[in-house]
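The chains referred to below are lettered A, B, ... by the order of the sequence lines, with proteins before strands, and numbering in each begins at 1.
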Amino acid sequence: MPRYRTIPRRVLMGVLGATAAITLTACGGVKTTSSGGGDGEYPTGNIEFSVGASAGGSTDLITRALAQGIGKELGVSAPVINKPGANGALNAKELQAAKPDGYKIAVQNASLFTITPLTVSPEEATKIEDFDVITGISRDDYVMATSAESGYKSIDDLKKAGKTIRYGTTGVGTGAQLASALTFKSAGIESTAVPFDGGAPALTALLGNQVDVSTMQIGEGIENIKAGKLVPLAVFSAERIPYLPDVKTAKEQGYEVQVTQYRFLTAPKGTPENVKTRLLDAAKKTFATPEYKQFNEQNSLTPMEISPEEVLKALQSDTATYKEQLNEFGISLTG
Amino acid sequence: MDISPILNGFGVVLEPTNLLYCLVGVIIGMLIGVLPGLGPGATIAILLPITYGIDPVSAIIMLAGIFYGAQYGGTITSVLLRLPGEASSVVTVFDGFALARQGRAGTALGIAAIGSFVGGTVSIIGLTVLAPVVAGFALDFGPPEYAALGILGVLLVSAIGNGNRLKAVIAACVGLLIATVGRDTFTGAERFTFDSLNLAEGIDFIPIAMGLFGLSEILYNIEERHNQVHSPAKVGNVWPSRKDLGQAKGAIGRGSLIGFLLGVLPGGGAVLSSLAAYAVEKRRAKQPERFGRGAVEGVAAPETANNAAATSSFIPLLTLGIPANATMALIFGALLIQGIQPGPQLVTEHPDVFWGVINSMYIGNILLLIMSIPMVGVFVRILRVRPAILAPITVLITLLGAYTVRNQVYDIFLVIGFGVLGYLMKKFGFEPGPLVLAFVLGSMIESSARQSLLIFGGDPAGFLTRPISGTVLAVVVIVAAWPLIRKALPRKKPAAVPGDSDRVEEKTP
């Protein structure tokens, strides 16, 4: 058993190690200055990226793309370990307790800090203050869509339908649920939420006309939108999204709803400055590679490579806005 | 239909590099399939970066090979060590392990390999010819249909048990109860989590199956060995006889069909198909009491069905862009990385990928069959290892396997807990099968039923008025009432029949 298990990983490390050794010699000289007289040169060992979700989801794929780049830049292996559970809270708790030495880091979702706290007890809520943010990564926007047969083209069409709209979401405490609930409430549309376990079943139910509309991440619906099987009604970003340039934002249609998912790289609180700088440099170099840019495009992700301060500010203002809007419209996400 | 893209697809597959990737994929798949816990999903995730550098078609051919290769491998531990690696091979354990104990492990593995090959191949032919038609059929299945199917599944669970009906129902109820553990996906309410974040997402299938089947068997055997001298299991024939094949023929045919059809349904399709195939065979059998004690059909039916289902689960991905399970989600991700978006346009935009993948499965299945024949002989020898050595190794595999799913030590304790539960169940004459299967179906029934009611606006009549769910529910009623109907109808054989079979059943441990 242990033999089989390590084989693929060992092969992988070998491959990564070999390429990494070459890149290290190439860029090592440039970067030694940034370590600022710390004790020893970070990193000397593997950097473990943990993911609070199962393999295959957006967070997992982003982590893998980033880990590969950062590992290559820093000349070490960067194994990705999946620790799914409690929407990522389990992984967050573990990361929080890990030694702040830069050898255990994780990509985390904004929704865990902005939306999940609205659905769980205060003790269980994960707080961003317990982590050091290294950099923002990318935005993963939501689109509300309906099936081509329904005939709806905009949010106003739903309003005119004059019936209870049944909408699929990707689960309780997700941005998809929040965005839809806010839209329907502020538009005064009678609606019932039907939560599904993730994007794939929500998409299936929509294609099969089991629900009237579904809100999901753009990457999940884009191919069916392009094929004309789904009609997009709105996106929930501040501005239109380059992947769906013809789709109006909710704001353009007169509804003040902005909900977005974004991800950022975190380390345990108290990680030394020089370590954070090294990681940030490596992340920036990764962001600039053509492979990574291509990865973003293929997954319909919008780069959001902002500073830690900006990430914190965005989290704070989103949390405040969501809370305020939910209160204003008297919406409870846990229905 | 235009046949040239299909033929071109064969051209793509027969390129030496693609053949090689196909071979590598199925070998890796078979090896990891043998290891419970480390499933195809985790393996594909680990190998994903390697695929960046290779041609899209080759990459997907290899990843698909890992997926269906693992289905072959998974049978081996189910039969030899009573360790089902996936929910869809739980049913195989009943007769597979019984055959192994009778020294007929080779028969079981051989039949499983042949059944898997036939099931896989039938399903690929179905995929080639019917993919777009069947994809539409999958979309007709909404939450109400899944709820009805799930209920039918639970009913079948109680039918496949071999012991006391009442005890099977009790075990199934415990399984349903365990399925409710975790944060409620509709309201976010905590259920039986005792403030533990580890329980927030519910309990995974792997620790339950590993504990109830694998570990409990070992615990029970240790006790048995104190009472009697236990010789290493004898290993008889390596290949199924002509008679075995004749017996399994019908089961393989029906299993292929059931597997292909149910496999198209995203979510529980594979589990339901293995369950349904087994139940159908048991119903049809002249001596249903053979099932659970080493009936060849009892291995052939579910193994054929789960392989057919694994293959047809590519249909929603390739034609609708819907990943049917976690492994499909990874293959979806791998395609995206290669710049290919799976969905309705795949067949026209990237015919080489579409047909290349499908046609590679024909080749992959042949490769797997060829590999399985010598492998059966090798694996069967595992049983010659003395229990004193085999048992600790099995425990180690079990615990490591459970750990690799979420990389949590917590899951190891879960396996031990369920191992003790399984041991106690065995002592008191309860079977673990109904518990595990009800557990798998429980969450599907609950969430589908609640989604349905939301869709219906709270009116349960909707279940009956929708054609498919209505039909399935009618079948449920017929199956449930069948014993009564049968009793009421002929009255030729008096009460001796049920009484007799009950007596036989109690003799087996």
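Evaluation of the salt bridge (charged side-chain N to carboxylate O under 4.0 Å, His left out) rule for B:Glu145 yields B:Arg466 as partners, not counting sequence neighbours.
Atom CZ of residue B:Phe456 and atom CZ of residue A:Arg166 lie 9.5 Å apart, to the nearest 0.5 angstrom. With values rounded to the nearest 0.5 angstrom, A:Leu203 atom CG is found 4.5 Å from B:Ile322 atom CD1. Here the straight-line distance linking atom CG of B:Leu336 with atom OG of A:Ser58 works out to 9.0 Å at 0.5 Å rounding. A distance of 10.0 Å separates OG1 of A:Thr192 from CD1 of B:Ile455, quoted to the nearest 0.5 Å. A distance of 5.0 Å separates CG in B:Asn407 from CD1 in A:Ile81, rounded to the nearest 0.5 Å. Here B:Leu139 contributes atom CG and A:Gln210 contributes atom CD; the two are 8.5 Å apart, rounded to the nearest 0.5 Å.
For A:Glu123, no part lies near chain B; criterion is any non-hydrogen pair under 4.5 Å. Neither the backbone nor the side chain of A:Ala67 comes within less than 4.5 Å of any heavy atom of chain B. Heavy-atom distances place the backbone of B:Pro342, and not its side chain, under 4.5 Å from chain A. Heavy atoms of B:Arg406 lying under 4.5 Å from chain A belong to its backbone as well as its side chain. Of the atoms belonging to A:Leu61, it is side-chain heavy atoms, and not backbone ones, that fall under 4.5 Å from chain B. Proximity to chain B (any heavy atom under 4.5 Å) is shown, for A:Val194, by both the backbone and the side chain. For A:Glu94, the part sitting under 4.5 Å from any heavy atom of chain B is the side chain, from C-beta outward, and nothing else. Looking at A:Lys83, the atoms closer than 4.5 Å to chain B (heavy atoms on both sides) sit in the backbone and in the side chain alike. Residue contact with chain A, scored on non-hydrogen atoms closer than 4.5 Å, is absent for B:Asp184. Only the side chain of A:Lys93 comes within contact range of chain B, with heavy atoms under 4.5 Å apart. Proximity to chain B involves both the backbone and the side chain of A:Ala89, based on heavy atoms less than 4.5 angstrom apart.
Taking 4.5 Å as the limit, every side-chain heavy atom of A:Phe196 sits out of range of all side-chain heavy atoms of B:Ser447.
Atom OH of B:Tyr21 has 12 or fewer heavy atoms from other residues, nucleotides or ligands within 6.0 Å. Open room surrounds NZ on A:Lys323; 12 or fewer heavy atoms of other groups in view lie less than 6.0 Å from it. For A:Asp197, the CG atom counts as loosely surrounded, since its 6.0 Å shell holds 12 or fewer non-hydrogen atoms of other residues, nucleotides or ligands.
Partner of A:Lys226 under the side chain to side chain contact (heavy atoms under 4.5 Å, CB included) criterion, chosen from B:Gln345, B:Gln341, B:Glu349: B:Gln345.
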Check your understanding: Given A:Leu90 and B:Gln408, is the side chain to side chain contact (heavy atoms under 4.5 Å, CB included) satisfied, shown in steps?
Key -> CA-CA 10 Å; A:Leu90 201 58; B:Gln408 299 285 355; 3.7 Å; yes
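With B:Gln451 contributing its side chain and A:Pro195 its backbone, the two residues share a donor-acceptor pair below 3.5 Å.
The interface of residues 189-196 of chain B with chain A, defined by heavy-atom distances below 4.5 Å, comprises B:Glu190.
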